[in-house]
There are 2 protein chains.
Amino acid sequence: MARAGLTADRLTAAAADLADEVGFENVTLSALARRFGVKDASLYAHVRNLRDLRTRVAFLAGGEMIDRIAAAVAGRAGKDALAAFADAYREYALERPGRYAATQIRIDQNLVADSAALRRTAEITYGMLRAYGLEEPDLTDAVRLLRSTFHGYCALEASGGFGAPRDVRASWEQAVAALHVALEHWPRRDQKEKDA
Amino acid sequence: MARAGLTADRLTAAAADLADEVGFENVTLSALARRFGVKDASLYAHVRNLRDLRTRVAFLAGGEMIDRIAAAVAGRAGKDALAAFADAYREYALERPGRYAATQIRIDQNLVADSAALRRTAEITYGMLRAYGLEEPDLTDAVRLLRSTFHGYCALEASGGFGAPRDVRASWEQAVAALHVALEHWPRRDQKEKDA
DNA sequence: TGAGTAAACCTAGTGCCTCTAGGTTACAGC
DNA sequence: GCTGTAACCTAGAGGCACTAGGTTTACTCA
């Protein structure tokens with residue numbers, strides 16, 4: 001009988017699609033094999049195991065996501081860039097929930113080190129923040145704040161955590177505006193005392 | 001032979017402990033049964049299924065967490081209250097990672113409606129924000145911002161998402177300080193124009 | 001063109017998991 | 001002590017990840 005033509009890349013792409021349909025944690029090798037009309041044991045020739053497949057999906061999604069964000073941010077600065085970054089982030093997370101979930105898994109530190117997508121993400125994020133005139137360690141603190149809020153918001157929104165009738169997109173815009181304010185009036189260590 | 005004395009509550013508590021040890025997603029009914037020296041089929045007399053058990057753990061953890069937060073916030077206001085809330089939140093999430101993960105699962109909307117813990121959480125959160133003089137819908141937006149940042153930060157920290165050498169606790173304190181600034185200079189709709 | 005070979009894919013099987021149906025046994029209250 | 005109701009059991013179906021080892025396809029190159 002004809003071969004299915006499996007490769008690691010085709011499996012990864014199909015797994016990503018499957019994740020968007022049924023949820024990342026419901027992606028199984030069996031279901032993936034079924035989708036290709038193949039026995040599950042056959043997949044192990046292309047992918048080490050489920051963990052390996054998940055990691056591949058994570059890198060695929062991470063790359064796609066930063067491409068979108070980079071395109072959105074290009075040519076913008078300050079509040080404009082922040083809003084573009086934020087919206088591109090959230091749109092990806094909502095549009096491709098399975099892929100987005102993949103980007104949040106714990107990944108082997110060795111693999112993280114030589115990931116072009118992750119380096120690019122860091123570059124673009126730090127670059128976007130340049131307009132606010134922060135220096136280390138505030139810069140890293142600010143990056144962590146943004147990542148946390150963006151991720152937390154998308155995670156809560158995707159899991160139905162926002163029950164109130166208030167429009168979810170409007171709250172998002174307010175949150176981004178609030179982050180912009182926080183970045184502009186970034187609390188310095190010496191300012192902390194007089195605030196209290 | 002002697003009975004194990006199973007009840008839904010004992011199972012829930014043991015499942016919560018197990019979750020903190022091996023991770024919430026690795027809690028299985030089989031492992032739980034093993035811990036009680038009992039066959040897994042026996043658990044179904046006390047708990048409907050795995051989903052039911054997970055939900056019970058979620059409510060247990062949610063209650064514990066808001067108790068801690070309420071105690072921390074009691075008698076404080078403004079920035080003090082915010083910091084106390086934030087620290088109690090993060091400490092719980094780091095100390096009891098399995099339980100914390102449980103609080104993030106999607107829960108049947110009917111059960112959500114009559115959960116005392118959730119009502120209490122909402123009360124305390126909104127109460128804490130009263131000092132900032134916000135009104136609806138800004139109040140809800142602010143609550144969503146706080147929840148997002150708190151959850152996102154803890155999720156990223158717990159999953160090893162913060163690679164930079166910068167101290168994770170220091171970044172947290174900066175994030176909370178930045179949120180305080182954002183709440184104090186909350187961007188109103190009419191202010192938005194002149195900001196741009 | 002046909003033999004050799006590497007890979008793609010398969011069968012068979014283990015062990016862990018959830019969950020159901022239906023049987024036995026300990027224990028509380030009479 | 002009897003009895004009924006749990007509490008707990010055995011047995012079993014079906015899904016999943018993963019391994020070992022066999023067969024087949026399709027490509028290369030003489």
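Keep in mind it's a predicted model, so treat the numbers as computed, not measured. These numbers come from the heavy atoms of this one structure, side chains and all, not from hydrogens, waters or symmetry mates. Protein chains get the first letters and strands the later ones, always in sequence-line order, with residue 1 at the start of each.
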A:Glu25 CD to D:dC16 P, in whole Å, measures 14 Å
Residue pair B:Glu184 / B:Tyr132, side-chain donor-acceptor N/O under 3.5 Å: no
May I ask you to evaluate whether A:Ser42 reaches the phosphate of C:dA8, defined as a side-chain N or O under 4.0 Å from OP1 or OP2? no
Nearest-Å distance, CG (A:Leu6) to C1' (C:dA6)? 16 Å
Within the structure provided, determine whether B:Met65 and B:Arg96 are in side-chain contact (heavy-atom separation under 4.5 Å). no
Whole angstrom is fine here: how far is it from CG in A:Leu11 over to P in C:dA8? 11 Å
Would A:Asp87 and A:Trp172 count as a side chain to side chain donor-acceptor pair (under 3.5 Å) if you check the C-alpha gap in whole Å, the side-chain angles of each, and the deciding distance to 0.1 Å? CA-CA 9 Å; A:Asp87 289 346; A:Trp172 171 257; 3.0 Å; yes
Nearest-Å distance for atom pair CG/P, residues A:Leu43 and D:dA17: 9 Å
For a quick check, with a 4.0 angstrom heavy-atom cut-off, what is the B/S/- contact string for nucleotides 16-22 of chain C, read 5' to 3'? -SBBB--
Given atom NZ of A:Lys39 and atom C1' of C:dA7, what is their separation to the nearest angstrom? 20 Å
Search all heavy atoms of B:Ile105 against all heavy atoms of B:Arg54 and return the closest pair with its distance. CD1-O, 3.8 Å
Hey, does the side chain of B:His46 come within less than 4.0 Å of D:dC8's phosphate (OP1/OP2), counting only N and O? yes
Just so I know, are the side chains of B:Leu156 and A:Arg144 near enough to count as touching, which here means a heavy-atom distance under 4.5 Å? no
Between D:dC16 atom P and A:Leu18 atom CG, what is the distance in whole Å? 11 Å
For the pair A:Glu157 and A:Arg90, find out whether any cationic side-chain nitrogen is under 4.0 Å from an anionic carboxylate oxygen. yes
In whole Å, I'd like the distance from the CZ atom of A:Phe36 to the P atom of C:dC10. 13 Å
